[in-house]
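Worksheet for the structure shown next.
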2 protein chains.
Amino acid sequence: MQTDMYMTTLKDRGYRLTGKRREILDFLLQNNRYVTARELIDHLRESYPTLSLETVYRNLKTLRDEGIIEESRFDELEARYRMACQNGHHHHYICVMCGKTIMLDHCPMPALGCAPSGFTVLQHRFEVLGYCSDCQPAPESSPEQKN
Amino acid sequence: MQTDMYMTTLKDRGYRLTGKRREILDFLLQNNRYVTARELIDHLRESYPTLSLETVYRNLKTLRDEGIIEESRFDELEARYRMACQNGHHHHYICVMCGKTIMLDHCPMPALGCAPSGFTVLQHRFEVLGYCSDCQPAPESSPEQKN
DNA sequence: TTCGTTGCAAAGGATTTGCAGCGTA
DNA sequence: TACGCTGCAAATCCTTTGCAACGAA
């Protein structure tokens with residue numbers, strides 16, 4: 001299974017193979033979406049009731065440093081994590097409710113032409129936010145229109 | 001001056017016209033870029049040495065609630081603020097060093113076609129990040145390549 | 001045995017809130 | 001005067017760190 005591959009990679013780099021780390025990877029691999037540290041610990045405590053939030057953060061930091069996962073913040077205080085994309089450049093539809101991501105192969109950069117004089121492009125971000133098919137908006141409050 | 005216009009708007013909505021609020025608006029209007037609360041207070045303390053960070057945050061919250069400014073977090077813990085765009089939809093080149101923004105009229109959405117089945121698009125984000133002409137990268141450390 | 005990993009307690013940075021005094025209208 | 005605004009102190013939320021015990025290789 002894919003988790004083993006990542007665990008082997010980690011072992012090769014001098015890390016130990018712990019059950020907690022494996023479960024974090026498992027969860028992220030099984031959930032194709034951005035999850036918060038809080039979500040992770042809520043899930044992982046089913047297997048490891050004594051798991052601490054610090055351990056989750058430390059493991060997330062390790063995985064991030066090793067390029068295995070990505071951290072992102074959608075203008076919120078709380079960070080969210082997902083498996084890093086290993087296969088090429090692309091963007092995503094992202095569900096603002098559950099964090100689910102759907103790949104999007106269109107990239108706006110080629111259509112952009114030259115950057116303004118003196119501007120050195122480092123990277124770009126393109127995300128389409130909304131509700132996925134499993135998460136429909138609450139009917140009472142219409143979502144705010146932001147352009 | 002433009003600040004007066006916003007202050008009048010605020011007054012009409014039941015807020016008081018305080019010098020501190022005016023200076024925050026002044027600073028944001030004069031700096032076409034994303035600034036942090038810390039940057040703001042550092043500047044504003046020249047005029048108001050006793051100004052507290054809480055007041056800055058409270059004013060930023062008011063301005064945000066009234067749609068006058070925008071809050072954004074570039075995957076950092078600290079939030080950044082700028083005047084909200086009043087004139088139509090567009091995106092930006094953003095300097096990761098000083099937060100300066102340069103308007104960009106290309107929008108990737110029209111080229112996108114249909115959203116995946118069941119996905120309700122709420123909004124999107126497109127930003128080109130890099131160094132502006134005033135901020136060149138430090139030569140020693142090459143910036144990390146992120147796609 | 002070695003050295004990475006963990007939980008606990010505590011610290012840290014960003015942001016918010018309770019409260020009483022101050023200032024604008 | 002009325003009520004929004006402010007500073008202070010304290011709280012909150014998210015995240016990191018020091019330390020000693022634990023566990024994988």
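Lettering of chains follows the sequences in order, A, B, ..., and the numbering in each one begins at 1. What you are looking at is a predicted structure, and each value in this text was computed from that prediction instead of being measured. Heavy atoms only: backbone and side chains are in, while hydrogens, waters and symmetry mates are out.
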remark   = Separation of dT16(D) atom C1' from Asp65(A) atom CG, nearest Å, is 13 Å
message = Can you confirm whether the side chains of His91(A) and His124(B) place a donor and an acceptor under 3.5 Å from each other?
response = no
query = Is Tyr131(B) linked to Val35(B) within one hydrophobic cluster, defined over Ile, Leu, Val, Met, Phe, Trp and Tyr using a side-chain heavy-atom separation of less than 4.5 Å?
reply = no
No-H, no-angle donor-acceptor pair, Arg58(A) side chain to dG7(C) base, under 3.5 Å = yes
message = Heavy atoms within less than 4.0 Å of DNA chain D: which residues of residues 7-19 of chain B have one? Give them sorted by number.
response = Gly14(B), Tyr15(B), Arg16(B), Thr18(B)
Identify all side-chain donor-acceptor contacts of residues 95-108 of chain B below 3.5 Å with residues at least two apart in sequence or on another chain.
| residue | atom | partner | partner atom | Å |
| --- | --- | --- | --- | --- |
| Thr101(B) | OG1 | Asn32(B) | O | 3.3 |
| Thr101(B) | OG1 | Arg82(B) | NH1 | 2.8 |

Candidate nucleotides dT16(D), dA14(C), dG7(C), ranked by approach to the side chain of Tyr57(A) - the nearest = dT16(D)
remark   = Lys20(A) atom NZ is separated from dG23(D) atom C1', nearest whole Å, by 10 Å
request  = Let me know the distance between CG of Leu53(B) and C1' of dA11(D), rounded to the nearest Å.
outcome  = 15 Å
task = Answer yes or no: is there a side-chain heavy-atom contact under 4.5 Å between Arg73(A) and Glu78(A)?
result = no
ask   = Do the side-chain N or O atoms of Ser52(B) get closer than 4.0 angstrom to the phosphate oxygens (OP1, OP2) of dG7(D)?
value = yes
message = Within the 3.5 Å criterion, strictly below it, is a donor on Tyr15(A) or Glu66(A) matched to an acceptor on the partner's side chain?
response = yes
remark   = note: Glu78(A), atom CD; dT15(D), atom C1'; distance rounded to Å ~ 11 Å
task = Using only side-chain N and O atoms of Arg73(B), determine if any of them is under 4.0 Å from OP1 or OP2 of dT15(C).
result = yes
Atom pair distance, as rounded to whole Å: CG in Asn59(A) and P in dT15(D) = 15 Å
ask   = dC8(C) C1' sits how many Å from Glu54(A) CD, rounded?
value = 7 Å
message = Distance check needed: dC14(D) P versus Asp42(A) CG, whole Å only.
response = 12 Å
ask   = Does the side chain of Leu10(B) reach to within under 4.5 Å of the side chain of Leu25(B), using non-hydrogen atoms?
value = yes
query = Among pairs that include at least one residue of residues 36-76 of chain B, which meet ring pair (Phe, Tyr, Trp, His ring centres under 6.0 Å), considering only residues two or more places apart or in two chains?
reply = Phe27(B)-His43(B), Tyr34(B)-Phe74(B)
Separation of atom CD in Glu39(B) from atom C1' in dT15(C), rounded to whole Å = 17 Å
